[in-house]
Amino acid sequence: MRIYPIFLGNAGCPQKCVYCNQAAAEVVRPWKESLAEALSYLEESQLTYDEVALYGGTPTASEYLLRELLEPFRPFLDSGKIGGIRLSTRPDAITEESVQLMTMGGVTTVELGVESFSDHVLAESQRGYSVEQVLKAYELLKGRFKVVFQIMFGLPGESDSDRQLNIDETLRLKPWAVRLFPTLVLKGTSLEAMHKQGKYTPMSVEDAIHWCRKAYNAFVAEGIRVIQIGLHSSEFLSSEFVAGPYAGNFGEMVRGRPHGNA
């Protein structure tokens, strides 16, 4: 599948979660510059793409922002140069109105930043929404788009039962695909301050592998795609990383072990 990525930084994000590193947004250029470059490239390129992907930010935060992001791609959708648009967003930013705009705007895949199915974990992570809002968003999206859940293990206040709940609820809801991420402590985040104060202890690599492998095996067995495990190795991560279960080959470590008793 050929995807052309466009990075939006924190465009439209209503707040900063405990694990969010502002430097990540600063590394990326302003989203309007990224959008303009993408449109120029698509105009000149002879290649076709299955999807243009809008990564980062909260594109559905407002009708204005969503229209500004989607409308420029209409000529490329009409000509067949791109087959659809993929975007990632927050559960509390999904409404019937945004769903209608995405449908008309050519969106084919929506990545939903679920992160956890435990209300207390969402609260301690300062996500700003509830599990009820996650379920409501999914009800609005399913059947209209391919839905990808983004799930994190090792968030503040999380227990083994919360981790199992993430797996069980994902199996029950059956999204099209999942991304799995162990929580990392990055510089400049609230999580870094909590870690320094002894209020947060990240998962060990062994525990992170255990839970991601357990989730991976369960999802694959039920026909749910797992399209990413862990953050990709990058210069940014090596300079911003403080603590947590990070390894450049984390996904291989999870997939490479026997699928027996996870």
Side-chain angles (χ1 to χ4, degrees), residues 1-8 11-14 31 34-35 38-39 42 48-117 122 127-152 166 169-181 215 219-220 222-229:
M1 190 173 189
R2 181 179 287 161
I3 295 177
Y4 184 87
I6 303 168
F7 297 95
L8 304 179
C13 287
W31 68 265
S34 299
L35 181 63
L39 295 170
L42 290 171
T48 59
Y49 290 87
D50 296 291
E51 288 180 330
V52 163
L54 305 175
Y55 291 126
T58 307
T60 58
S62 71
E63 181 177 322
Y64 171 79
L65 177 61
L66 189 57
R67 287 185 185 277
E68 196 164 13
L69 286 167
L70 297 181
E71 288 180 354
F73 293 106
R74 174 49 58 189
F76 304 108
L77 290 164
D78 292 342
S79 69
K81 183 164 276 191
I82 61 174
I85 298 171
R86 171 187 297 240
L87 59 80
S88 58
T89 193
R90 294 165 52 94
D92 56 332
I94 294 293
T95 63
E96 187 61 55
E97 290 73 23
S98 66
V99 167
Q100 292 299 327
L101 283 175
M102 287 189 289
T103 301
M104 294 185 295
V107 173
T108 46
T109 305
V110 177
E111 300 208 15
L112 200 60
V114 174
E115 317 313 355
S116 175
F117 283 98
L122 293 174
R127 287 294 289 169
Y129 57 79
S130 65
V131 174
E132 182 180 356
Q133 288 172 292
V134 172
L135 299 177
K136 180 180 178 182
Y138 185 57
E139 283 298 315
L140 288 171
L141 294 170
K142 71 178 185 179
R144 294 169 167 176
F145 312 96
K146 292 181 288 187
V147 181
V148 180
F149 283 0
Q150 297 173 0
I151 300 293
M152 297 182 71
N166 286 343
E169 280 295 275
T170 302
L171 290 172
R172 182 180 72 83
L173 296 171
K174 283 204 162 184
W176 179 76
V178 173
R179 294 185 194 267
L180 297 172
F181 301 105
F219 299 158
V220 169
E222 291 299 315
I224 301 171
R225 300 162 182 82
V226 179
I227 59 176
Q228 184 177 351
I229 304 175

Nearest 0.5 angstrom please: [X] [atom1] to [Y] [atom2], how far?
X: Arg2; Y: Asp50; atom1: CZ; atom2: CG; value: 8.0 Å
X: Leu173; Y: Lys142; atom1: CG; atom2: NZ; value: 7.5 Å
X: Leu70; Y: Leu101; atom1: CG; atom2: CG; value: 7.5 Å
X: Met102; Y: Leu141; atom1: CE; atom2: CG; value: 5.5 Å
X: Leu66; Y: Glu97; atom1: CG; atom2: CD; value: 11.5 Å
X: Thr109; Y: Lys146; atom1: OG1; atom2: NZ; value: 4.0 Å

Show your reasoning for whether side-chain hydrogen bond (donor to acceptor under 3.5 Å, both in side chains) applies to Thr60 and Thr89.
CA-CA 7 Å; Thr60 58; Thr89 193; 2.6 Å; yes
For residues [X] and [Y], determine if any side-chain heavy atom of one lies less than 4.5 Å from a side-chain heavy atom of the other.
X: Leu54; Y: Leu69; value: yes
X: Trp31; Y: Glu68; value: yes
X: Ile151; Y: Phe117; value: yes
X: Ile94; Y: Leu112; value: yes
X: Trp176; Y: Ile224; value: no

Compare every heavy atom of [Y] with every heavy atom of [X], then report the nearest pair and how far apart it is.
X: Asn166; Y: Glu115; answer: ND2-O, 4.0 Å
X: Pro72; Y: Leu39; answer: CB-CD1, 3.6 Å
X: Ala137; Y: Pro91; answer: CB-O, 3.4 Å
X: Leu77; Y: Gly105; answer: CD1-O, 3.5 Å

Counting distance only, does the side-chain N/O of Thr95 pair as donor-acceptor with the main-chain N or O of Ser98 below 3.5 Å?
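Such a contact is found between Thr95 side chain and Ser98 backbone.
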Any donor-acceptor pair under 3.5 Å linking the side chain of Ser34 with the backbone of Ile6?
no
Tell me, please, which residues at least two apart from [X] pass side chain to side chain donor-acceptor pair (under 3.5 Å).
X: Glu169; result: Arg172
X: Thr170; result: none
X: Arg144; result: Glu96
X: Ser116; result: none

Trace of the side chain to side chain contact (heavy atoms under 4.5 Å, CB included) decision for Arg86 with Val52
CA-CA 6 Å; Arg86 171 187 297 240; Val52 163; over 6 Å; no
Begin from the C-alpha positions of Val148 and Val110 and carry the test side chain to side chain contact (heavy atoms under 4.5 Å, CB included) through to its verdict.
CA-CA 6 Å; Val148 180; Val110 177; over 6 Å; no
Could you walk me through whether Leu35 and Phe73 pass the side chain to side chain contact (heavy atoms under 4.5 Å, CB included) check?
CA-CA 10 Å; Leu35 181 63; Phe73 293 106; 3.5 Å; yes
Set of residues satisfying side-chain contact (heavy atoms from CB on, under 4.5 Å) with respect to [X], sequence neighbours excluded:
X: Gln133; answer: Asp92, Tyr129, Ser130
X: Glu71; answer: Arg67
X: Pro5; answer: Phe7, Tyr55
X: Ser88; answer: Glu111, Gln150

Could you go step by step and tell me if Thr58 and Leu65 meet the side chain to side chain contact (heavy atoms under 4.5 Å, CB included) rule?
CA-CA 9 Å; Thr58 307; Leu65 177 61; over 6 Å; no
Partners of Tyr138 by ring-ring contact (aromatic ring centres under 6.0 Å, His included), sequence neighbours excluded?
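Phe149.
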For Tyr49, check ring-ring contact (aromatic ring centres under 6.0 Å, His included) against everything at least two apart and list the hits.
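ring-ring contact (aromatic ring centres under 6.0 Å, His included) check on Tyr49 returns Tyr4.
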Residue set satisfying salt bridge (Lys or Arg N to Asp or Glu O under 4.0 Å) with Lys136, at least two apart, ordered chain then number -> none
